[in-house]
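Just so it is clear, the model here is predicted, and its values are computed rather than measured. All heavy atoms count here, side chains included; hydrogens, waters and symmetry mates do not. Atoms within each ligand, like the ligands themselves, are counted from 1 in listed order.
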Amino acid sequence: MSTEGSRAPAPLRVVVAGAGIAGLYAAALAARRPATAVTLVAKGALEDSNTWHAQGGITAVTAQGRAAGDSAAAHAADTLRAGAGPNDDAAVRLLCTEAGRQIDTLAAWGVPFDRAADGYALGLEGAHSAARILHIGGDRTGAGIAQALIRTVRDLAAAGDLDLREHTAVRSLLRSGGHITGAVLETAGGEPAELRADVIVLATGGAGQLFEATTNPAGATGDGVALAWEAGAVLADLEFVQFHPTLLDPAAAGGRSFMISEAVRGEGALLVDAAGRRFMPGVHPDAELAPRDVVSRAICSRRRELAQQGLQPAVYLDATAVAAERGDGFLARRFPMIDATVRSLGFDWTREPLPVMPASHYWMGGVRTDLHARTSVPGLFAIGEVACTGAHGANRLASNSLLEGLVFGRRAVEASGRYRTAPSFDARPLAFEDGTGTCTRADIQSQVSASAGVVRDGAGLELAAKQLAEWTAPGDSPDACASLLPVARLLVAAAAARRNSVGAHYRTDFEQAPAGRERLSFVKEQEQP
Ligand code: SIN
């Protein structure tokens, strides 16, 4: 048969937005597929992601690193227990059973996981029943993975297999007949321009910047959630924000925000008050290694009690006994980055406890997806923190987020050919009025921190909703927080709508209401023609 005149089919046009672990991995996998044209768009440089800062590690039970008796099933059971009810069971199963395959891929791409004599070195973190956290360079896990993925992506770009656009923001998503058709991109200093696409994969990360105290970098402003909301995608579990228990208190650290990994508690560090008294044993049988929501609430409540007694309302992470027991140099060897940073900020943590406080860390909620990372909008996929797969429930198990970015990043790529169909999810329609007042990032942070922090109540949420409604989304400015206002409204509305306490969502006015497994989903109300 003659092929004269026949044309090769048009390639599948895939745009990946975001360059954390999920976006880099998905872009690299997609660029290796036949008949696929991949563009990777990053708001800053590739090195600017939240992934880069991840310390603790990545959870995986693998053939090359498995504690005695541990299994993917045990990892899944811990994930469900920490998640406190509203997890999607199938997503949890996938997350845990697919872990080994992703670790093998990363290792093959040059990720240098730390090793012990008998395989990968394994760490322990809160709410895990076994040591199963892989790490790189002790506490530089995120940077170790990101460096290898960035190298892979830059090689693909240099070979012409991937179009890489750094310092480029996605301003809006384009649709026709409900389907994704492309995006409007804006490169720093340039004019907005349209890029056509069959598939857009949102991998834009979370919105830690909604809060005054956060472990997240300045770019974590919820951009993907705002874009998906405008495009009519269903969002879910928005009320579930995880607070990491141990941000080094910025007030004692010259204003610097620096997280102290949970792996430090995994090695035996304790939480104490100014008098050196532990308080976690009275709160949970796992004490300092209880799930994060429990530890964060306990720290807030201890600080409140101390203030009521007229004492200094401070809580500390005490690693001095670990330093003494494990010998000279242990902390510096196991946690070289934390050691160097706290010392540069004036703390000798082998001799003195570190002042710590909870801070926003991870958003379990986001753009609702099915098990193939498809959102409710045909052609729109979401992976990593911007997505809500349901794997984390109401409280993410430590070190499950890098893993989720990999597992569902791969599934998005594998499902990308099926972009014309989308799942449907039940969702409540929701609309917000824009006000006329101007606001800054700090204004939004102050409202959200006061109302939707570790401890919430209906009156505070109502007050914040009213204030947020009086503002209009700031345009493009050095403050760059146009996404934060709609995303703040969504978070506050979801927290007000959930009238019980479950996982990281704790309402003093509904402390005892039965939690259940219900998940709240919202979709933008359609304007009447
Ligand atoms: C940490 O190292 O404590 C953070 C790890 C995570 O959030 O999963």
Side-chain angles (χ1 to χ4, degrees), residues 20-22 49-60 75 78-79 82-83 95-96 99 102 113-114 121-128 131-146 205-208 211 213-217 220 240-248 257-271 286 288-296 299 317 319 322 331 334-339 341-342 349 354 356-364 384-385 391-407 503-504:
I21 188 169
S49 69
N50 208 358
T51 293
W52 192 272
H53 302 278
Q55 297 175 7
I58 180 163
T59 309
H75 176 195
D78 292 348
T79 300
L95 180 78
C96 303
Q102 318 312 323
F113 292 107
D114 292 343
L122 302 174
L124 179 67
E125 291 182 19
H128 283 274
R132 57 167 82 100
I133 322 291
L134 311 191
H135 41 85
I136 297 158
D139 56 2
R140 294 178 192 270
T141 308
I145 295 174
F211 295 83
T214 181
T215 64
N216 290 191
F240 299 138
V241 175
Q242 179 167 80
F243 296 88
H244 194 286
T246 56
L247 180 76
L248 186 63
S257 288
F258 181 71
M259 183 189 83
I260 311 292
S261 175
E262 187 151 317
V264 174
R265 276 176 283 134
E267 295 290 354
L270 304 174
L271 289 164
D286 293 338
E288 279 80 0
L289 291 177
R292 269 185 200 168
D293 58 324
V294 176
V295 180
S296 288
I299 292 176
L317 181 68
V322 180
L331 289 176
R334 174 67 180 87
F335 302 109
M337 200 250 295
I338 297 176
D339 185 70
T341 307
V342 298
W349 66 325
L354 301 170
V356 291
M357 62 183 287
S360 77
H361 182 59
Y362 186 89
W363 204 1
M364 277 71 76
E385 190 173 349
H392 304 308
N395 178 49
R396 177 178 62 89
L397 183 68
S399 287
N400 264 353
S401 52
L402 296 178
L403 176 62
E404 192 202 34
L406 296 175
V407 169

Checking a contact table here: which protein heavy atom is nearest [atom], and how many Å away?
atom	result
atom 2 (O) of ligand 1	S261 OG, 2.7 Å
atom 8 (O) of ligand 1	S399 N, 2.5 Å
atom 7 (O) of ligand 1	H361 NE2, 2.6 Å

Show the atoms of ligand 1 that are less than 4.0 angstrom away from any heavy atom in [X].
X	value
A398	8 (O)
H244	1 (C), 3 (O), 4 (C)
E262	1 (C), 2 (O), 3 (O)

| message | Name the residue from L270, V322, V295 that meets the side chain to side chain contact (heavy atoms under 4.5 Å, CB included) definition with R265. | response |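 Passing option: V295.
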| Residue that, paired with S360, satisfies side chain to side chain donor-acceptor pair (under 3.5 Å) out of T215, N216, T214 |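 Between S360 and the candidates, side chain to side chain donor-acceptor pair (under 3.5 Å) is satisfied uniquely by T214.
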| If you measure every N/O of R396 against every N/O of ligand 1, is any gap under 3.5 Å? |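 Yes; at least one N/O pair falls below 3.5 Å.
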| message | So for ligand 1, is G57 a polar contact partner (N or O within less than 3.5 Å, distance only)? | response |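 G57 vs ligand 1: no N/O contact under 3.5 Å.
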| query | Okay, side chain of N395, backbone of A504: is any donor-acceptor separation there less than 3.5 Å? | reply |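 No; judged by distance alone, with no hydrogens or angles, the pair does not exist.
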| task | Spell out, as yes or no, whether a donor-acceptor pair under 3.5 Å connects the side chain of D139 to the backbone of M337. | result |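 Looks like yes, one N/O pair under 3.5 Å.
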| query | Side chain or backbone of R292 under 4.0 Å from ligand 1, or both, or neither, by non-hydrogen atoms? | reply |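 It is the side chain that gets close, since no backbone atom is under 4.0 Å.
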| query | According to the interplanar angle, ranging from 0 to 90°, do the rings of H75 and H128 count as parallel (below 30°), tilted (30 to 60°) or perpendicular (above 60°)? | reply |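 Plane angle between 30° and 60°, so tilted.
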| task | Before giving the answer on side chain to side chain contact (heavy atoms under 4.5 Å, CB included), spell out for D293 and F243 the whole-Å C-alpha distance, their side-chain angles and the decisive distance to 0.1 Å. | result | CA-CA 7 Å; D293 58 324; F243 296 88; over 6 Å; no
| field | Criterion ring pair (Phe, Tyr, Trp, His ring centres under 6.0 Å) on Y362 and H392, from CA distance to verdict | value | CA-CA 10 Å; Y362 186 89; H392 304 308; 5.3 Å; yes
